[in-house]
Amino acid sequence: MQQESGRSLIEMLGVLAIGAVMTVGAYKTYGALRATQVRNLAVSEMEQVARNTKILLETRGDYTGVSVEYLIKAGAITNEKTPMGTDWYINASADGESFAINLVNVSMDDCAYLATKKLDWVKSVTINKITTAGAESCISGNRNMVSIIIE
């Protein structure tokens with residue numbers, strides 16, 4: 001009787017299936033790490049915008065008239081590129097004591113991230129016009145508005 005060596009088709013399929021599962025897992029992990037990195041960079045950019053705005057307008061005593069265009073003309077920011085979301089604007093509160101960085105069309109995942117992230121430079125975070133302590137105000141899709149209030 002002749003002895004055969006090698007692997008069966010079932011064994012080969014098993015090895016390929018394990019490899020596929022590992023590849024998908026690695027890809028998803030990379031995607032999550034990349035999303036976190038992009039979010040952290042966006043938060044860092046917003047913090048820099050807040051610092052530059054405070055430095056620019058602290059001698060005036062209030063934030064009335066602040067906008068993205070005003071900050072570009074004054075040299076506090078270099079361009080209109082949004083840190084996160086598809087559109088953004090900056091405006092002062094009615095009394096001029098604080099200002100908001102408003103992000104429009106933010107994804108649900110980014111909204112939840114901003115709602116739960118502890119930012120020591122922020123007075124409060126408003127999600128879809130509701131001051132919140134969590135992500136429960138975020139809605140599905142890319143339709144969220146996040147306002148980061150700074151004093």
Side-chain angles (χ1 to χ4, degrees), residues 12-151:
M12 293 298 280
L13 288 174
V15 168
L16 288 174
I18 291 170
V21 168
M22 291 176 66
T23 301
V24 168
Y27 184 74
K28 289 200 177 270
T29 301
Y30 172 76
L33 290 172
R34 177 79 175 127
T36 300
Q37 180 184 22
V38 168
R39 289 178 186 134
N40 286 336
L41 182 59
V43 167
S44 177
E45 288 177 16
M46 286 185 283
E47 182 178 13
Q48 190 61 45
V49 168
R51 272 196 217 128
N52 290 348
T53 303
K54 284 182 169 185
I55 290 169
L56 180 66
L57 298 174
E58 72 183 346
T59 56
R60 215 170 55 172
D62 68 8
Y63 296 108
T64 55
V66 68
S67 67
V68 173
E69 295 79 22
Y70 177 83
L71 295 174
I72 290 171
K73 287 178 185 174
I77 58 177
T78 57
N79 59 40
E80 294 179 355
K81 184 178 174 232
T82 180
M84 183 183 289
T86 58
D87 197 12
W88 74 313
Y89 62 95
I90 298 173
N91 65 330
S93 63
D95 62 4
E97 295 291 319
S98 62
F99 66 95
I101 298 173
N102 303 289
L103 305 170
V104 183
N105 298 326
V106 177
S107 71
M108 185 172 180
D109 290 339
D110 290 341
C111 177
Y113 176 80
L114 291 170
T116 56
K117 178 108 173 130
K118 301 296 181 211
L119 305 170
D120 59 348
W121 51 276
V122 171
K123 176 185 174 189
S124 64
V125 175
T126 302
I127 307 292
N128 298 319
K129 301 186 180 186
I130 301 169
T131 302
T132 181
E136 61 273 357
S137 299
C138 296
I139 55 177
S140 63
N142 294 337
R143 302 172 309 177
N144 293 288
M145 179 176 170
V146 178
S147 297
I148 299 171
I149 315 299
I150 299 123
E151 275 189 331

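If you read the sequence from its start, that first residue is 1, and numbering goes on from there.
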Please report, to 0.1 Å, the donor-acceptor pairs under 3.5 Å made by any side chain of residues 65-74, with sequence neighbours excluded.
residue, atom, partner, partner atom, Å
Ser67, OG, Glu69, OE1, 3.4
Ser67, OG, Tyr70, N, 3.0

Side-chain donor/acceptor pairs under 3.5 Å, residues 13-35, sequence neighbours excluded:
residue, atom, partner, partner atom, Å
Thr23, OG1, Gly19, O, 2.8
Thr29, OG1, Gly25, O, 2.9
Arg34, NH1, Gln37, OE1, 3.3

In residues 91-99, what donor-acceptor pairs under 3.5 Å come from side-chain atoms, sequence neighbours left out?
residue, atom, partner, partner atom, Å
Asn91, OD1, Asn102, ND2, 2.7
Ser93, OG, Asp95, OD1, 2.6
Ser93, OG, Gly96, N, 3.3
Ser93, OG, Glu97, N, 3.4
Ser93, OG, Ser98, N, 3.3
Ser93, OG, Ser98, O, 3.2
Ser93, OG, Ser98, OG, 3.4
Asp95, OD1, Glu97, N, 2.9

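Among residues at least two apart or in separate chains, there is no disulfide (SG to SG under 2.5 Å) pair with a member in residues 46-106. For residues 30-120, the set of pairs meeting the disulfide (SG to SG under 2.5 Å) definition, not counting sequence neighbours, comprises Cys111-Cys138. Sequence neighbours left out, the pairs with a member in residues 142-151 that pass salt bridge (charged side-chain N to carboxylate O under 4.0 Å, His left out) are Lys123-Glu151. The ring pair (Phe, Tyr, Trp, His ring centres under 6.0 Å) pairs that include a residue from residues 33-58 number zero, where partners must be two or more places apart or lie in different chains. Listed by first and then second residue, the ring pair (Phe, Tyr, Trp, His ring centres under 6.0 Å) pairs that reach into residues 102-126 come to none, sequence neighbours excluded. Screening residues 45-57 for salt bridge (charged side-chain N to carboxylate O under 4.0 Å, His left out), with sequence neighbours left out, gives Glu47-Arg51.
Considering all non-hydrogen atoms of both residues, Ala100 and Ile149 come closest at CB-CD1, 3.6 Å. Considering every non-hydrogen atom in both Met108 and Ser140, the closest pair reads SD-CA, 3.5 Å. Taking both residues in full, the closest heavy atoms of Pro83 and Ala42 are given as O-CB, 3.2 Å, listed atom of the first, atom of the second, then distance.
One finds the CE atom of Met46 at 6.5 Å from the CD1 atom of Ile101 (value rounded to the nearest 0.5 Å). The distance from atom CG of Leu103 to atom OH of Tyr89, rounded to the nearest 0.5 Å, is 10.0 Å. Between the CG atom in Leu114 and the OG atom in Ser147 there is a gap of 11.0 Å [rounded to 0.5 Å]. Distance check, rounded to the nearest 0.5 Å: CD1 of Ile150 to CD1 of Ile90 gives 8.0 Å. With values rounded to the nearest 0.5 angstrom, Thr131 atom OG1 is found 9.5 Å from Ile127 atom CD1. In this structure, the separation between CD1 on Ile130 and CE on Met145 is 12.0 Å, given to the nearest 0.5 Å.
Remark: Asp62 engages Thr64 in a side chain to side chain donor-acceptor pair (under 3.5 Å) (not counting sequence neighbours). Partners of Thr36 by side-chain contact (heavy atoms from CB on, under 4.5 Å), not counting sequence neighbours, listed by chain and number: Asn40. Under the rule for a side-chain contact (heavy atoms from CB on, under 4.5 Å), the partners of Asp109 that lie at least two apart in sequence or sit in another chain are Arg39, Ser107.
Considering only heavy atoms from C-beta on, Thr82 stays 4.5 Å or farther from Asp87 through its side chain.
Defined by atom type and a distance below 3.5 Å, a donor-acceptor pair is present between the side-chain atoms of Asn144 and Asn128.
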